[in-house]
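Atoms considered below: every heavy atom in the structure, side chains included; atoms not considered: hydrogens, waters and symmetry mates.
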2 protein chains.
Amino acid sequence: MSFLQKLNERYAAKAMNGKVVPQEAVDNILEAIRLAPTSSGLQPFEVFVITNPEVKAEIRKIAWNQPQVTDCSHLLVFAAWDHYTADRINYMFDLTNEIRGFKNEGWENYRQMLLGAYPNQDPEVSFAHAARQTYIALMAAMTQAVYEGVDSTPMEGFDNAALDKILGLGEKNLRSTALLPLGYRDAEKDWLVNLVKVRKPMDKLVTTIK
Amino acid sequence: MSFLQKLNERYAAKAMNGKVVPQEAVDNILEAIRLAPTSSGLQPFEVFVITNPEVKAEIRKIAWNQPQVTDCSHLLVFAAWDHYTADRINYMFDLTNEIRGFKNEGWENYRQMLLGAYPNQDPEVSFAHAARQTYIALMAAMTQAVYEGVDSTPMEGFDNAALDKILGLGEKNLRSTALLPLGYRDAEKDWLVNLVKVRKPMDKLVTTIK
């Protein structure tokens, strides 16, 4: 089935039935996240995969009591770097040299440019940039999920600071940006499942400059 | 071909050959953007599709002289709402009621909650939130492009304020976030085309909490 058909098919499940998603499907969703493109290839985030029921229950309390948080199979948490540091930048450039087996002058100049710019940024500017990249990965995850026949619900409705505390993200210099419960819809309890998808008409969204 | 294979196949083309992308492929890429999920379904952005050579040339000047800006077929500009206003929020809720043909109390309460929260936010917080949503749509566009056999290059390396001026985005209460040239790689001039894709190993990216 085409990607456009899949985009039409997917929706944000509002109720899930607790059924466990097979590990292979979860692994493929994580691989889609890993392969997602990011600015300068820095992949400035980490992902937490939560199946522990107590941790899920704790998160539900600070996420508007949304039932998918506990009724999902795997709860993904996207957490962006709180700051682009020299170590983090160097790790990716060193990894690139190691994997490709050579140093490239242009690429090394680009490293120096980033090292000169990013670590000196205001931390909020730095985090805002990293946070945007997590949304690319979020879309990659939602896409792979729908190809796996797995429902998912992107969520921003939670107390970020409280979640960061629950998962100890501060000590890892990370800040949460989005949740993505993975599981299977509970169609009988889901008010959204049978409603028509609503999107702006193209002429409200797109302007062509010829 | 599976989405994971497509993710492996895609890359950010560093040189393009000027060949024109068929309108049907462009339309499908725009449809993927239109169908992309966004926070509360608000689709808080617009997309500009630029084929005009003079406008492309002007943009290239403020985009580090990156050649894909002019050598692409269609240059997409993602521009987020500079602020969530009551009018913008009401438009999407009214459209939803119109398309679904009924008013739902829960949905109307949710509208009131957003109207109480978003328009009063600090404009930078409001824009940051809208900007993140454009990255979901950016990924949707890159995905559809690869299924169309079209190359694309996500770009943040440009002077946002200058681009906003060129396109008159300020008057539309929009701010640019990303460029996406669509076209076809010029393999002979593209230093990246034959290099191995580099991604962090899974254990540097993912932590499981069982």
Query raised in the report: Between the main-chain N or O of A:K200 and the side-chain N or O of B:R34, is there a donor-acceptor pair closer than 3.5 Å?
Result: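 Yes.
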Report task. Output the option from A:E46, A:R199, A:K210, A:E31 having the highest count of non-hydrogen pairs under 4.5 Å with chain B. Result ->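 Sorted descending by pairs with chain B, the first entry is A:R199.
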Query - Options A:G41, A:A12, A:A36, ranked by heavy-atom pairs under 4.5 Å with chain B, top entry - result: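 So the answer, after comparing A:G41, A:A12, A:A36, is A:A36.
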Query - Ring centers of A:Y84, A:H129 separated by less than 6.0 Å - result: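 Between A:Y84 and A:H129, the centre distance is under 6.0 Å.
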Is it the side chain or the backbone of [X] that comes within 4.5 Å of chain A heavy atoms, both, or neither?
X	result
B:L4	both
B:P53	neither
B:F48	both
B:K204	both
B:M155	neither
B:L174	neither
B:A128	neither
B:L76	neither
B:T177	both
B:F102	side chain

Report task. Could you tell me whether the side chains of A:Y147 and A:N28 share a donor-acceptor contact shorter than 3.5 Å? Result ->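 No - no donor-acceptor pair under 3.5 Å links their side chains.
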Query - Any side-chain donor near an acceptor of the partner, A:D190 and A:Y11, under 3.5 Å - result: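 Short answer, yes.
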Chain B contact via [X] - side chain, backbone, both or neither, heavy atoms under 4.5 Å:
X	result
A:F127	side chain
A:L35	both
A:V196	both
A:L167	side chain

Query raised in the report: Checking side-chain contact (heavy atoms from CB on, under 4.5 Å) for the pair A:M16/A:L182: CA distance, chi angles, key distance, verdict?
Result: CA-CA 9 Å; A:M16 290 184 171; A:L182 302 174; over 6 Å; no
Flag the one option from [options] with the top tally of heavy-atom pairs under 4.5 Å to chain A.
options	result
B:P154, B:G106, B:P201, B:A178	B:P201
B:M92, B:K56, B:Q43	B:Q43
B:M142, B:E54, B:Q133	B:Q133
B:I136, B:T51, B:I50	B:I136

Requested in this report: Answer whether the closest heavy-atom distance between the side chains of B:I166 and B:I62 falls below 4.5 Å.
Outcome: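 Yes. Closest side-chain heavy atoms under 4.5 Å.
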Query raised in the report: Does any non-hydrogen side-chain atom of A:E156 lie less than 4.5 Å from one of B:S40?
Result: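 Of all side-chain heavy-atom pairs linking A:E156 with B:S40, none is under 4.5 Å.
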**Report entry** Exercise: identify the closest heavy-atom pair between B:N160 and B:S176
**Finding:**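 Nearest heavy atoms, B:N160 then B:S176: ND2-O, 3.0 Å.
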Requested in this report: List the atom of B:A15, the atom of B:Q68, and the distance in Å for their closest heavy-atom pair.
Outcome: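 Looking at all heavy atoms of both residues, the closest pair is N-CG, 4.2 Å.
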Report task. Start with the C-alpha distance between A:Q144 and A:E148, add both sets of side-chain angles, then the distance that settles side chain to side chain donor-acceptor pair (under 3.5 Å), and finish with yes or no. Result -> CA-CA 6 Å; A:Q144 186 60 31; A:E148 298 287 343; 2.8 Å; yes
**Report entry** Pairs meeting criterion side chain to side chain donor-acceptor pair (under 3.5 Å) with involvement of residues 89-107 of chain B, two or more places apart
**Finding:**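 Non-adjacent pairs meeting side chain to side chain donor-acceptor pair (under 3.5 Å): B:N90-B:R111, B:D94-B:R111, B:N97-B:E108.
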